[in-house]
Amino acid sequence: MKKRVVITGLGVAAPNGVGVPAFTHALQNGISGIRHDAQLEELQFSCQIAGQPQISEELKSQYFTELELRGFNSTGILYGVIAGLEAWYNAGLPLNENPDWDSGAIFGSGTSGIDKFRESIYKIDELQVRRLGSTVVAQTMNSGVSAYLGGKIGLGNQVTTNSSACTTGAEAILMAYDRIQSGQAKRILAGSTSDSGPYIWGGFDALRVCSSKFNDKPEEGSRPMSATAAGFVPGSGAGAFVIEDLETALERGATIYAEILGGNVNSGGQRDGGTMTAPNSTAVQRCIKTAIENAGIHPNEIDAINGHLTATTKDSLEIENWTKALGRNGADFPYINSLKSLTGHCLSASGSIESIATVLQLHEGFLFGNKNCSDLHPEIATLIDPSKVLLETIKINPKIIAKASFGFGDVNACILFKKFEN
């Protein structure tokens, strides 16, 4: 018998809400976290709006000591620690005096401490290597976020950081699922984070894939599935889960937010239309189909989809891939939404933050609406019934939601989450 794997803790630092209560409120009420960014304007970016979690100094001091904050300049680690510790406390778990051999962390990141890197490079070039400080390595190593979390909690199982572009968060969840199901851990703190700022977002601005037509109307800038979509809005933040085997969760009387039925991760090999920046549709469809098979369900059981849907020219292709993978179209297609209309594209954090939104919809009984999508793209309207693209939040009790993430390098991930029933 395979172990059943459940989610017992949630944590989030998103552009439209830091902490699960604020984020849930934002989801249910269509509150955007996209704002004008003065630094991007000053640096003459084409896109001068962004989604960035609002973190006060007071909040920082709840998670880091004064000594830890001295010389600290890594937004990704900041967001990851806030979300990770919220999830751990939310799960009703203690910080450990000794290593907890049954608990680990798989917490993904695209980069780490890029602002600290920049600061350090200038010091080295100015012959000030001795003034770098003692924490520069911890802040800039890619596994910095999992290392910080492992130390704060006292995790004794695997503590690692994965990295797969925009699939990072979804991949971390599935890596945790596999480790728990194989009996190698009882629980894993899983999620992902992404740094903020121009040194992360500049490359995308140079690729001309970012929204530049809504700099004076930030909340209208991110328009997944819209006929007037004009590129993605860069974002950042972190999402975190405590993922646990069902038996252990029940033994300690934990709140169970959802069950992970299964999933799949694959790559299109940058062949057959797939490139560094474009998906191989055959691989995307195969990933979805294999995830469904792995979850042991029928495509007709899926009530809703939380898509990757970035507000680029690939949105219509993503919908087409879903219709082919599920064998469902028109009015038979599930409801579909994209969190990016409210947060922008949080890059390596997108899969985890969007999975938090997915689990909250199951647990709280709602589906959030797609902002800025009243003008549905005509190519999408020919594939699925427009009523399946909700514009407002509705109260409903979905049982199963599919979450997918697709990333640079032609990599794909799909997870099936289910409302928990013992």
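Quick caveat, the model's predicted, so the values are computed rather than measured. Count residues from 1 along the sequence.
- Distance check: Leu339 CG to Ser350 OG gives 9.5 Å after rounding to the nearest 0.5 Å.
- Within the model, atoms OG of Ser211 and CD of Gln48 stand 11.0 Å from one another, a figure rounded to the nearest 0.5 Å.
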### Query
Step by step, would you call Val159 with Phe107 a side-chain contact (heavy atoms from CB on, under 4.5 Å)?
CA-CA 8 Å; Val159 173; Phe107 217 94; over 6 Å; no
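- Other residues, nucleotides and ligands contribute over 12 non-hydrogen atoms within 6.0 Å of the CD atom of Glu251.
- When all heavy atoms of Leu40 and Ala50 are compared, the closest pair comes out as CD1-CB, 4.2 Å.
- For the residue pair Asn73 and Glu119, a side-chain donor N or O sits within less than 3.5 Å of a side-chain acceptor on the partner.
- Looking only at atom types and distance, the side chain of Ser194 has no donor-acceptor partner in the side chain of Tyr79 under 3.5 Å away.
- Side-chain contact, Asn306 with Asn337: a donor N or O sits under 3.5 Å from an acceptor N or O.
- Ring planes of His308 and Phe406: perpendicular class, angle over 60° (limits at 30 and 60°).
- Between the side chains of Asn157 and Arg187, no donor-acceptor pair is found at a separation under 3.5 Å.
- Between Gln158 and Thr160, the side chains place no donor N or O within less than 3.5 Å of an acceptor N or O (distance only, hydrogens not considered).
- If you check the side chains of Asn321 and Gln285, you find a donor sitting under 3.5 Å from an acceptor.
- Looking only at side-chain heavy atoms (C-beta outward), Leu85 and Ile153 come within less than 4.5 Å of each other.
- Classification of Arg223 and Asp375 as a salt-bridged pair holds, one side-chain N sitting under 4.0 Å from a carboxylate O.
- Rounding to the nearest 0.5 Å places OG1 of Thr343 at 13.5 Å from CD1 of Ile31.
- A pairwise comparison of heavy atoms in Ala240 and Ala83 identifies CB-O, 3.4 Å as the closest pair.
- Asp303 places none of its side-chain heavy atoms less than 4.5 Å from the side chain of Pro334.
- Ion pair Arg4/Glu247 not flagged as a salt bridge, since none of the NZ, NE, NH1 or NH2 atoms sits closer than 4.0 Å to an Asp/Glu carboxylate oxygen.
- A salt bridge links Glu354 and Lys403; the closest N-O separation between the charged side-chain nitrogens and carboxylate oxygens is under 4.0 Å.
- Between the side chains of Ser352 and Ser192, at least one donor N or O sits under 3.5 Å from an acceptor N or O.
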Would you mind writing out the side-chain donor-acceptor pairs for residues 362-370 within the sub-3.5 Å range, not counting sequence neighbours?
from   : atom 1 : to     : atom 2 : distance (Å)
Asn370 : OD1    : Ser338 : N      : 2.8
Asn370 : ND2    : Ile336 : O      : 3.1
Asn370 : ND2    : Leu390 : O      : 2.9

### Task
Check the pair Ser103 / Trp88 against side-chain contact (heavy atoms from CB on, under 4.5 Å), numbers first and verdict last.
CA-CA 11 Å; Ser103 300; Trp88 195 256; 3.8 Å; yes
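- Val265 has its side chain out of reach of Val411: every pair of non-hydrogen atoms, C-beta onward, lies at least 4.5 Å apart.
- Looking only at atom types and distance, the side chain of Thr135 has a donor-acceptor partner in the side chain of Gln139 under 3.5 Å away.
- In this structure, Lys289 does not pair ionically with Glu293, as no charged nitrogen and carboxylate oxygen lie closer than 4.0 Å.
- Under the 4.0 Å criterion applied to side-chain N and carboxylate O atoms, Lys152 and Glu68 are assigned as salt-bridge partners.
- Annotation: side chain of Ile353 is in contact with side chain of Val12 (closest heavy-atom distance under 4.5 Å).
- Thr228 contributes atom OG1, which lies 8.0 Å from atom CG of Asn372 (distance to the nearest 0.5 angstrom).
- Inter-residue side-chain proximity for Asp315 and His377 is flagged as unmet; no heavy-atom pair is nearer than 4.5 Å.
- For the atom pair SG of Cys47 and CH2 of Trp201, the computed distance is 9.0 Å after rounding to the nearest 0.5 Å.
- You'll find the ring centres of Tyr257 and Phe241 outside the 6.0 Å limit.
- Proximity of a side-chain donor or acceptor of Asn280 to a complementary backbone N or O of Gly274 within less than 3.5 Å is not detected.
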### Message
With salt bridge (Lys or Arg N to Asp or Glu O under 4.0 Å) as the criterion, how do Lys314 and Glu318 come out once you've worked through the C-alpha distance, each side chain's angles and the decisive distance to 0.1 Å?
### Response
CA-CA 6 Å; Lys314 299 298 180 187; Glu318 181 178 333; over 6 Å; no
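- Side chain of Asn90 to main chain of Leu10: a donor-acceptor pair is present (N/O by atom type, distance under 3.5 Å, no hydrogens or angles).
- Heavy atoms from other residues, nucleotides or ligands lying under 6.0 Å from NE2 of His25 number 12 at most.
- If you take CG on Leu416 and CG on Asn264, they are separated by 10.5 Å, rounding to the nearest 0.5 Å.
- Around the CZ atom of Arg252, the shell of radius 6.0 Å holds more than 12 heavy atoms that belong to other residues, nucleotides or ligands.
- Side-chain polar atoms of Ser143 and Thr161 form no donor-acceptor pair below 3.5 angstrom.
- Between the side chain of Ser163 and the backbone N or O of Ser109 there is at least one donor-acceptor pair closer than 3.5 Å.
- In summary, the side chains of Thr111 and Asp195 do present a donor paired with an acceptor at a separation below 3.5 Å, with no hydrogens or angles considered.
- There is a side-chain donor-acceptor pair under 3.5 Å between Glu171 and Ser164.
- Within the cation-pi definition used here (under 6.0 Å to the ring centroid, within 45° of the axis), Lys388 does not qualify as a partner of Phe333.
- Between Pro234 and His345, the closest side-chain pair of non-hydrogen atoms is not below 4.5 Å.
- Across all their heavy atoms, Cys373 and Val389 have their closest contact at SG-CG1, 3.9 Å.
- The two atoms that bring Pro53 and Ala13 nearest to each other are CG-O, 3.5 Å, heavy atoms only.
- Listed by first then second residue, pairs satisfying side chain to side chain donor-acceptor pair (under 3.5 Å) with a partner in residues 407-422 read Asn266-Asn412, not counting sequence neighbours.
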#### Entry: Intermediate values then yes/no, side chain to side chain donor-acceptor pair (under 3.5 Å), Ser32 and Glu219
CA-CA 6 Å; Ser32 173; Glu219 292 189 7; 4.9 Å; no
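- Side chain to side chain, Glu244 and Thr8 meet the donor-acceptor criterion of an N or O pair below 3.5 Å.
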### Task
Take Lys3 and Leu246 through the test side-chain contact (heavy atoms from CB on, under 4.5 Å) and record every step on the way to the result.
CA-CA 7 Å; Lys3 287 180 183 286; Leu246 176 61; over 6 Å; no
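- Here the side chains of Val5 and Asp245 are not in contact, with every heavy-atom distance at 4.5 Å or above.
- For Phe64, the CZ atom sits in a packed shell: over 12 heavy atoms of surrounding residues, nucleotides or ligands are nearer than 6.0 Å.
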### Task
Could you give me the CA-CA distance, side-chain angles and deciding distance for Ser236 and Ser196, then say whether side chain to side chain donor-acceptor pair (under 3.5 Å) is met?
CA-CA 5 Å; Ser236 56; Ser196 285; 2.5 Å; yes
### Message
Go through it in stages, so that I can follow the logic: the residues are Arg35 and Gln54, the test is side-chain contact (heavy atoms from CB on, under 4.5 Å), and I'd like the CA-CA distance, side-chain angles, deciding distance and then a yes or no.
### Response
CA-CA 11 Å; Arg35 304 167 185 87; Gln54 304 297 288; 3.4 Å; yes
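- Considering only heavy atoms from C-beta on, Ile260 comes within 4.5 Å of Phe417 through its side chain.
- Scanning all heavy atoms of the two residues, the minimum distance from Ser348 to Gly110 falls at OG-N, 3.1 Å.
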